Amino acid sequence: MTKKANIILTLFLLLAGYAAVYGEDGSRLWLRFDTTNTSATVTGVKCTAMTELQTYWQGGPVVLKRQKGMAKDAYAIKSQGGKTVIAAANDAGLLYGAYHLLRLQQTGQSCVNLDIREQPAYDLRILNHWDNPNGTVERGFAGRSIFLNPDPARMKMYGRANASIGINGTVLNNVNAKPEALSADNLQKAKTIADQLRPYGIRVYLSINFASPIKLGGLKTADPLDADVVRWWKDKVNEIYKLIPDFGGFLVKANSEGEPGPQDFGRTHADGANMLAEVLRPHNGIVMWRAFVYNPQSNDRANQAYEEFMPLDGQFADNVIIQIKNGPVDFQPREPYSPLFTAMQKTPMMVEFQITQEYLGAANHLAYLATMWKEFFSFVKPGSLRAMAGVANIGDDTNWCGHHFAQANWYAFGRLAWNPSLTSKEIAEEWLMQTFSPHTPQLSSLTSMMLDSREAVVSYMMPLGIHHIFAGGHHYGPEPWYNPPGLRADWTPPYYHRADSIGMGFDRTLTGSANVKQYPAELCTLYNDINTCPENLLTWFHHVPWDHRMNSGRTFWDELCHKYNEGVGQARHFLAVWDAMQPYVDTQRFNEVQHKLRIQARDAVWWRDACLLYFQTFSHRPIPQDVEHPVHNLDEMMKFRIPITMYENPESGYTK
């Protein structure tokens, strides 16, 4: 080791020791800037970018310059005559450029001879908060809503964190919206939040209840073609823009899971969306209309969005964007992409990713989701989308996300919304170096752990295309047997896994539900044939015989057993990787992450044992000798329950 390397490592270990004594709580996220050596000279445009650089930049003089002709939010950073010049067309672009410069500083990269030009892939890069008026958060695993009583200091940090990764919009409330979201009191609160976030280039949006004219306005109908209804919405929109001149628009969940919508009045999704679009148009507002729809009459829930929206392609106003979940069912650990993305050619679309880990172990399991989103982009061209939305995993917990590593998914969403060509590894390394240290000796091991984590979760939960076999009432643990009488079929796991004495899986081939037909011809052919269908989607598209021969040479049953067991092994490996980090990480964060990884390793065994023992009742085949055999029995697994409150507060873990 060179003398210079020895000095760096010694300094790092000293700093690590300091951190171990005083601890860190994760509240600074990836913005762990040092202010001890800042005496930066920053001149030019007075804006938030100047404040951030004056506070945290440790290099030479910086000039902030307004430059015409650049794309919205784009920036350029160039070293000129001993100064660093950041140029942009607007204040937001200058702020994004400032954070790029600070990111270089944080990650230990050279900040001389710079010549950087960047512009975002999407104009709209939006977080969807599923926050309720009472402060609870649907699928929230990090405490209560940060918007219930918006604290200025918390809002400032939220704004800084989002701006540092290029997020420029936030939907303040749940898509299962209450009419009160548009009440005078709630609009005043929205104004307060908008005022606090505006310096960071963030516009606010609201989810709306389509029946608001009835429930809030006292009208007899919410028919989008009724003149009184249109007038009510026009007045309400004018009221909003008087309070919030840069209000972004509405997010709408309609005619889905019992929510009201235009179909209640004999109208189409296009009728409803276009009415709202017209009243927003004078203010440059937009409508984000969700395509998450399904009804119990369909022969396949995965077919629903396509069947309902394809006939409307080209009928939506130009300020309507159809917001489509990345997969055709519901944020499963692995799904094929929603076929709407390649089928709709005449309608603006945006993808909805889920940052919060509703189906991926809540805030107990480490699951780095950039790999999932990159998988989506390998099928859907980024340029075919107009925007990206992410269902936020943010709450009022001290560390914001309930799990220190869950912060990486918030970070990754923003970075990919800015530049979908970034690799999962590049983003993971950026986040790790800023959240811990660029000199962490185990950086490569942590990066590998993150990159492998989502696939590990798939393996110990639902490998080989299995999906939606979660416990009834929550989506945390396994209950592939859950099938109470009277419940609609597509809310039960047997609807999806369809295990029987022959095999398991949902037949979506041309002779089944014909879901494969919704995909382009080459994918239809690929998915329709059990011998060419990718094995990681096999039971998604096929009812697979237990003795079907897999690429490994094993039977399908034996491969299933090995996959579950591999997932358990990976979860245990992650714990070992983290344990080796103890000398290099502050005590508080080390202990808190270790606690979560121990829960994850136990949960992986729970998933494996419950699923293999249950599916074995159909396969009637032995678990292979080279697979660790279950440590539980099926009766024990089927009696086990976790309280819903524990699911909503995963910090407590589960106990048996």
Side-chain angles (χ1 to χ4, degrees), residues 332-334 357 359-362 364-367 452-483 492-494 496-501 503-505 539 544 546 550 554-576 595-643 646-647 650 652-656:
Q332 295 302 288
R334 169 164 282 116
Q357 294 172 212
Y359 294 100
L360 287 145
N364 273 347
H365 295 203
L366 192 163
D452 293 342
S453 60
R454 178 259 183 152
E455 196 64 41
V457 174
V458 171
S459 292
Y460 65 68
M461 283 188 181
M462 284 164 280
L464 303 177
I466 303 171
H467 52 291
H468 232 312
I469 59 171
F470 296 91
H474 59 79
H475 297 151
Y476 186 73
E479 279 188 17
W481 51 82
Y482 179 72
N483 192 18
T492 69
Y496 298 96
H497 66 67
R498 307 201 169 194
D500 57 25
S501 61
M504 69 179 293
T539 64
V544 185
W546 296 116
M550 304 292 284
R554 302 185 185 109
T555 64
F556 168 66
W557 168 250
D558 284 359
E559 186 75 5
L560 186 68
C561 294
H562 277 86
K563 283 293 183 184
Y564 271 107
N565 202 54
E566 287 169 12
V568 171
Q570 285 177 294
R572 291 169 175 165
H573 173 67
F574 298 157
L575 180 58
H595 171 67
K596 297 286 189 178
L597 289 171
R598 285 173 174 167
I599 292 173
Q600 183 171 0
R602 292 198 303 267
D603 282 355
V605 174
W606 174 26
W607 270 94
R608 180 199 63 193
D609 291 5
C611 293
L612 288 185
L613 289 170
Y614 172 72
F615 291 133
Q616 191 179 35
T617 66
F618 298 97
S619 76
H620 302 293
R621 285 157 174 78
I623 293 173
Q625 288 300 312
D626 57 346
V627 168
E628 180 180 291
H629 283 220
V631 296
H632 304 98
N633 60 61
L634 184 57
D635 288 342
E636 182 183 21
M637 293 286 91
M638 294 180 77
K639 292 175 183 177
F640 177 64
R641 298 287 186 276
I642 65 169
M646 192 176 292
Y647 167 67
S652 58
Y654 81 90
T655 56
K656 230 186 126 287

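Given the structure is predicted, the values throughout are model-derived calculations rather than measurements.
- Residues Ala601 and Ala571 share a closest heavy-atom pair of CA-CB, 4.0 Å.
- Looking only at distances, no side-chain donor or acceptor of Tyr460 sits under 3.5 Å from a matching main-chain atom of Glu566.
- Partners of Arg498 according to the salt bridge (Lys or Arg N to Asp or Glu O under 4.0 Å) rule, which considers only residues two or more places apart in sequence or in another chain, do not exist here.
- Between Pro493 and Glu479, the closest heavy-atom pair is CG-O, 3.2 Å.
- A distance of 9.0 Å separates NE2 in His468 from CE in Met462, rounded to the nearest 0.5 Å.
- Side-chain N or O atoms of His562 include one that pairs as donor or acceptor with a backbone N or O of Asp558 at under 3.5 Å.
- Using the six-membered ring where Trp is involved, Trp607 and Phe470 have ring planes that are perpendicular, over 60° apart on the 30 and 60° scheme.
- Asn565 pairs with exactly one of Glu628, Arg608, His629 by the side chain to side chain donor-acceptor pair (under 3.5 Å) rule, that one being Arg608.
- For Phe615 and His497, the gap between ring centers is short of 6.0 Å.
- Remark: the backbone N or O of Ala362 is not paired with any side-chain donor or acceptor of His365 at under 3.5 angstrom.
- If you take CG on Leu634 and CD on Gln616, they are separated by 9.0 Å, rounding to the nearest 0.5 Å.
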Report task. For Leu366 and Gln600, run side chain to side chain contact (heavy atoms under 4.5 Å, CB included): C-alpha distance rounded to whole Å, both residues' side-chain angles, the deciding distance at 0.1 Å, then the answer. Result -> CA-CA 8 Å; Leu366 192 163; Gln600 183 171 0; 3.6 Å; yes

Report task. Just do the side chain to side chain contact (heavy atoms under 4.5 Å, CB included) check on His573 and Asp452 with the steps written out, would you? Result -> CA-CA 11 Å; His573 173 67; Asp452 293 342; 5.9 Å; no

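- The CG atom of Leu464 lies 9.0 Å from the CE atom of Met504; values are rounded to the nearest 0.5 Å.
- With contacts defined as side-chain heavy-atom distances shorter than 4.5 Å, the pair Met550/Leu560 does not qualify.
- In this structure, the separation between SG on Cys611 and CD1 on Ile466 is 7.0 Å, given to the nearest 0.5 Å.
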Requested in this report: Let me see the working for Val457 and Gln357 under side chain to side chain contact (heavy atoms under 4.5 Å, CB included), right down to the final yes or no.
Outcome: CA-CA 11 Å; Val457 174; Gln357 294 172 212; over 6 Å; no

**Report entry** Candidate pair Asn364 and Arg602, rule side chain to side chain contact (heavy atoms under 4.5 Å, CB included), full reasoning
**Finding:** CA-CA 11 Å; Asn364 273 347; Arg602 292 198 303 267; over 6 Å; no

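- Taken to the nearest 0.5 Å, the CD atom of Glu455 stands 10.0 Å off from the OG atom of Ser453.
- Contacts of Trp481 classified as ring pair (Phe, Tyr, Trp, His ring centres under 6.0 Å), with partners at least two apart in sequence or in another chain: Tyr614.
- Minimum interatomic distance between Tyr564 and Pro463 (heavy atoms only, all atoms of both residues): CZ-CD, 3.5 Å.
- The two atoms that bring Met461 and Leu360 nearest to each other are CE-C, 4.1 Å, heavy atoms only.
- Annotation for Asp500 and Phe618: closest pair O-CB, 3.4 Å, computed over non-hydrogen atoms.
- Across Gln570 and Ala456, no two heavy atoms sit closer than the pair OE1-CA, 3.3 Å.
- Interatomic distance, Ile623 CD1 to Trp557 CH2, rounded to the nearest 0.5 Å: 5.5 Å.
- Side-chain atoms of Arg334 do not come within 3.5 Å of backbone N or O of Gly465 as any donor-acceptor pair.
- In this structure, Tyr476 and Trp606 have tilted ring planes: the angle between them lies in the 30° to 60° band.
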